[in-house]
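Whatever order the structure lists them in is the order used to number ligands and atoms, beginning at 1. The figures here come from the full heavy-atom set of this structure, side chains too, leaving out hydrogens, waters and symmetry mates.
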Amino acid sequence: MPDNCLFCNIVNKQTDTRFLYEDDTYVVFKDIKPAAPVHLLLVPKMHIRSINDLAPAHTSVVGGLFFLAGEMAREQKIDQSGYKLLFNVEKGGGQVIFHLHLHLIGGWRR
Ligand code: 5GP
Ligand code: ZN
């Protein structure tokens, strides 16, 4: 992993970021600049640069990310009101942290 990767540093607990969820494969924490009342980042611990870098060996880690998104949405109680899942891909797609992460965004008032 690149030693200058912010999300690797967060995954490795080199910052004081609080995890809402952690297991052997993923961490989840709040976005520091939330775009909605609920804005979580779901991050595989493994350093993968972006969606462009996915390989067949990553199939289960990416599949699990979507399953985790549903679980976190339920935990945040936004599963019924609804939410968005977003990958920004590379600079033109708005990606600024080049360590794969899924945005879970929701919690707007209906
Ligand atoms: P991207 O644009 O790469 O898809 O999303 C990166 C996200 O990480 C942004 O929404 C940004 O607000 C968030 N972010 C950047 N630095 C930090 C940080 O140090 N801590 C947390 N919790 N979020 C961060
Ligand atoms: Zn990384």
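- In this structure, the protein non-hydrogen atom closest to atom 7 (C) of ligand 1 is D31 OD2, 3.4 Å.
- For H99 and H101, the distance between ring centers is not under 6.0 angstrom.
- From E71, atom CD reaches atom CZ of R74 across 5.5 Å, with rounding to the nearest 0.5 Å.
- A heavy-atom distance below 4.5 Å is found between the side chains of F87 and L102.
- In terms of N/O distances under 3.5 Å, ligand 1 is approached by I97.
- Across L86, V96, D16, heavy-atom proximity to atom 3 (O) of ligand 1 is greatest for V96.
- With a heavy-atom cut-off of 4.0 Å, L41 touches ligand 1 through its side chain alone.
- The closest approach between F7 and ligand 1 falls below 4.0 Å for a heavy atom of the residue.
- Among the atoms of G94, some N or O lies under 3.5 angstrom from an N or O of ligand 1.
- Close approach of ligand 1 to H101 (heavy-atom distance below 4.0 Å) involves ligand atoms 1 (P), 3 (O), 4 (O), 5 (O), 6 (C).
- Under the 4.5 Å side-chain criterion, counting only non-hydrogen atoms from C-beta, L41 is in contact with H103.
- Minimum-distance N/O/S atom of H47 relative to the Zn ion (ligand 2): ND1.
- Pairing each heavy atom of Q76 with each of L20, the nearest pair is NE2-CD2, 3.4 Å.
- Among the atoms of H103, some N or O lies under 3.5 angstrom from an N or O of ligand 1.
- No continuous path of ILVMFWY side-chain contacts below 4.5 Å connects V62 to I97, so the two sit in separate hydrophobic clusters.
- The distance between the ring centers of F29 and F7 falls below 6.0 angstrom.
- Within the listing of ligand 1, atoms 12 (O) sit less than 4.0 angstrom from a heavy atom of K33.
- To the nearest 10 degrees, the angle centred on the Zn ion (ligand 2) between SG in C8 and SG in C5 reads 120°.
- Atoms CG and CG, on L42 and L40 in that order, are 6.5 Å from each other to the nearest 0.5 Å.
- When all heavy atoms of P44 and L100 are compared, the pair lying nearest together is CD-O, 3.2 Å.
- With respect to atom 19 (O) of ligand 1, the closest heavy atom belonging to the protein is L6 CD2, 3.6 Å.
- Neither the backbone nor the side chain of F98 has any atom closer than 4.0 Å to an atom of ligand 1 (non-hydrogen atoms only).
- At least one N/O-N/O distance between K30 and ligand 1 falls below 3.5 Å.
- Looking at H99, its N, O or S atom nearest to the Zn ion (ligand 2) turns out to be ND1.
- Between T17, I32, N88, I10, it is I32 that holds the heavy atom closest to atom 14 (N) of ligand 1.
- Y83 and L86 fall into different hydrophobic clusters, where Ile, Leu, Val, Met, Phe, Trp and Tyr side chains are chained together by heavy-atom contacts under 4.5 Å.
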